[in-house]
> 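Would you mind keeping the following structure in view while I ask a few things?
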Amino acid sequence: MLLIIDGKKLRKKKTTRSRMLCGCIVVALVGLVGAYIAGSCREIDTTAYVASLVGAVLAIAHIILLYGIYTSTQQTEEIQQTDDNVSTIQCSGKEVLDKARSLVLLLATLAAAITYTAGLKPPGGLWQDNTNGHMAGDPILLTTNASRYKAFFYCNSVAFVASLVAIVLVQMEILVKHHVLEAAMILDLFGLIGAYAAGSCRDANNSIYVIALAGLVLVYVVIHVIFFTLDHEDKHHGDQVNQLLEKRRKRLLLFAILAATITYQAGLTPPGGFLLQDDKLGHQAGDPVLLYNFPRRYKAFFYCNSVSFMLSISLILLLVNPNLYRPAIRSNALSVCTAVGLFCLMVAYAAGSTQHLKTSIYIFVLVGAVLFVAAGLLLVFALREQNNSDNSAAAAPSISHEQEEEEEERKKEEERKKHARRKYLMLLGILVASVAYQAGLEPPGGAWQSSGNGYEAGDPVMHDIRRPRYLVFFYSNSFSFVASIVVIMMLLPHWLPNRKKEEWEKWSLRVMNWTILLDLVTLLVAYAAGSSRGWKTSVYVSMLILAVLGYFAIHMTLSIWSDRCRRRRLRERLQSSQENPRVWINLLPN
């Protein structure tokens, strides 16, 4: 709130107020570490081990820093002996540092968010009673499979601590310059892989399969790049091509963050929940309920979710190094990985959000329906724009050189606006896909923990108790998820800068705008249906949007009215002080 209120002053110079805010951030992160240690551990020695991880991460960062300083000193001496354009290198180095800093912050925020939640809500669930030598609130997996739980816990804790240390130290330019924090983030990602492999499955073979998926993705990318660049001539690309590559990299990175965030949590806490105690059929406490009731459906969810997670982690690893992601983006290897990841995400949602094959088929029918609606809107906009372009082409006069320059500037401004619109749509798509995926796998009301009285363990409780309300929630949420995935897929392709494809890009942005609008409306309907149990309350929730829009209208009206009053006062002062016009000029805002 303070940053929003006083943002201009903080951007101008590093004042005492900004230092105070940075201190508050450090205190908040230290408090977060304390809360994680207190909530995720049950023994004093484990608490000490987790606290010591901070020192271990700092020690590793110090070693990498010393090595980076040593190697960079030798490289600087070689550059000074062979090249005189050191100032040009320094200017470009500042941009590289800014990009590295933003990348580290993005990855650290991702890792801190998902590892904090996973540490406090461990896979396998928690005991609900004090029997058989365990206490209520202790992790079930720690009792049934201690070695697997410890592997998950320490990998998750390493990733959490490394991400928080990176957030604190990211303002130190020397650490970013020598790639210390990027190395810490790579360690962070490998910690996520280890924690996911240990916490998402219960046998060693599946853990090995999950880890091998990341290796297979990296091998595929290398083979794809080599095969599709055999006839590629190595030449220097212009600034425009590099800028387009950077824009595509940002969109791919946003997708990778989306997939890693939601698949990590879904893999550790699968749909249907966990068995809270051993049953008479030999099923062990802490195992997923869906694994025993619907084994094929669970395997489809598990492997598709795991493929999407490992694809996202591999994409993040590749997108860190420009020497790796530039040829991979040019050869469309990363686009193929992204498409496969999105498809696996939809299959995992279809398998995990429902226990009925017919409903899963309906979800894929929704994909076709959304694509059909998007194609119809695109065709309507295309025909309308074609008529307008024909009429304007018939009446277009010859233009001068100055008009050509103005037209060029106008096109650049339009391209900038389109890029901003694409980022806006991508962020909205990621937001909606994240919340809809999690809500679909963990529906409101929870799931039955045991079979009986006509209920199957793992089925949503609301589906059996309030079926019409559940169906409204489920299909609205599913449409919102599918529409957001379709928008993300439409935003990922690269548009070449020729006139025809520029027009198609403009039309597609209009289509995606309408799709996101429908997306948000259905998300509101799903929230209204799932957050309450009475239809009257759902109507009240839906009416809140009118109240919010009314507040915006009132605020805008008052703002316009105050602006007009201010301008009227300035005009009156101008008329009363015509002899000295500088009086009113000084009153104008900057």
Side-chain angles (χ1 to χ4, degrees), residues 28-29 32-33 35-37 39-41 50 53 57 103-125 139 141 149 151-168 170 181 184-201 207 210-211 213-214 253-271 274 301-302 304-317 319-320 341 344-345 348-349 352 427 430-442:
L29 294 177
L32 204 63
V33 174
Y36 179 85
I37 293 174
S40 62
C41 309
V50 176
L53 286 176
V57 173
L103 175 64
V104 169
L105 271 177
L106 202 60
L107 297 181
T109 305
L110 154 73
I114 59 179
T115 53
Y116 185 80
T117 304
L120 300 184
K121 295 176 63 178
L141 194 61
Y149 176 79
F152 156 77
F153 176 75
Y154 285 112
C155 287
N156 189 79
S157 300
V158 166
F160 175 72
V161 172
S163 61
L164 290 190
V165 170
I167 292 174
V168 174
V170 74
L181 298 182
M185 285 297 96
I186 292 175
L187 174 66
D188 198 343
L189 294 175
F190 279 109
L192 288 178
I193 293 176
Y196 183 88
S200 62
C201 41
S207 298
V210 168
I211 296 176
L213 286 174
L253 190 60
L254 285 174
F255 159 75
I257 290 173
L258 154 73
T261 302
I262 59 180
T263 54
Y264 185 79
Q265 296 175 346
L268 298 181
T269 55
F274 301 98
F301 160 78
F302 172 73
C304 289
N305 190 80
S306 300
V307 167
S308 185
F309 174 75
M310 290 302 171
L311 276 170
S312 62
I313 294 295
S314 302
L315 283 175
I316 294 173
L317 290 172
L319 291 170
V320 170
C344 290
L345 206 62
Y349 180 85
L427 289 174
I430 287 174
L431 163 69
V432 176
S434 300
V435 297
Y437 188 78
Q438 294 171 356
L441 299 184
E442 297 183 7

> When the ring planes of F302 and Y196 are compared, do they come out parallel, tilted or perpendicular, using 30° and 60° as the limits?
parallel

> Sequence neighbours excluded, which residues qualify as side-chain contact (heavy atoms from CB on, under 4.5 Å) partners of A159?
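Applying side-chain contact (heavy atoms from CB on, under 4.5 Å) to A159 gives T115, D188, L192.
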
> Which heavy atom in A35 sits nearest to a heavy atom in L120, and how many Å separate them?
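Nearest heavy atoms, A35 then L120: O-CD2, 4.3 Å.
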
> Where do G440 and Y349 come nearest, in terms of heavy atoms and distance?
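Heavy atoms of G440 and Y349 come nearest at CA-CE1, 3.7 Å.
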
> Between T263, T261, N305, which is the residue that forms a side chain to side chain donor-acceptor pair (under 3.5 Å) with Y437?
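Looking at T263, T261, N305, the match for Y437 under the side chain to side chain donor-acceptor pair (under 3.5 Å) is N305.
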
> Could you state the interatomic distance from CG (L345) to CZ (F309), rounded to the nearest 0.5 Å?
13.0 Å

> Hey, are the side chains of I193 and L189 touching, using non-hydrogen atoms and a 4.5 Å cut-off?
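Side-chain contact under 4.5 Å: no.
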
> Grab the two heavy atoms, one from I262 and one from A433, that are nearest each other, plus how far apart they are.
CD1-O, 4.5 Å

> Hey, what do you get for CD1 (I313) to CG (L110), rounding to the nearest 0.5 Å?
7.0 Å

> Any side-chain heavy-atom pair from F301 and L441 closer than 4.5 angstrom?
yes

> What's the spacing between I167 CD1 and L107 CG if we round to 0.5 Å?
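Interatomic distance, I167 CD1 to L107 CG, rounded to 0.5 Å: 10.5 Å.
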
> If only atom types and distance count, is the side chain of S207 paired as donor or acceptor with the main-chain N or O of A198 below 3.5 Å?
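Answer holds: no.
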
> According to side-chain contact (heavy atoms from CB on, under 4.5 Å), who are the partners of A166, at least two apart in sequence or on a separate chain?
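Applying side-chain contact (heavy atoms from CB on, under 4.5 Å) to A166 gives V104, A108, L181, M185.
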
> Should F160 and L32 count as side-chain neighbours, where that means a heavy-atom distance under 4.5 Å?
yes

> Is it true that atom CZ of F190 has more than 12 heavy atoms of other residues, nucleotides or ligands lying nearer than 6.0 Å?
no

> Check whether S434 reaches the backbone of I430 with its side chain - one donor and one acceptor, N or O, closer than 3.5 Å.
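A pair under 3.5 Å: yes.
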
> So S312 and Y264, side chain to side chain donor-acceptor pair (under 3.5 Å) or not? Walk me through it.
CA-CA 10 Å; S312 62; Y264 185 79; over 6 Å; no

> Could you report the tightest heavy-atom contact between A118 and L268, atom names first, then the distance?
CB-CD1, 3.6 Å

> In Å, rounded to the nearest 0.5 Å, how long is the span from CD1 of I186 to CG of L317?
6.5 Å

> Do the non-hydrogen side-chain atoms of L213 and S306 ever get within less than 4.5 Å of each other?
yes

> How far apart are the closest heavy atoms of Y149 and S40, and which atoms are they?
OH-O, 3.8 Å

> Before you tell me yes or no, could you show the steps for L431 and L427 under side chain to side chain contact (heavy atoms under 4.5 Å, CB included), namely the whole-Å CA-CA distance, both residues' side-chain angles and the distance that decides it to 0.1 Å?
CA-CA 6 Å; L431 163 69; L427 289 174; over 6 Å; no

> What closest approach, in Å, do T269 and K121 show between heavy atoms, and which atom pair accounts for it?
CG2-O, 4.2 Å

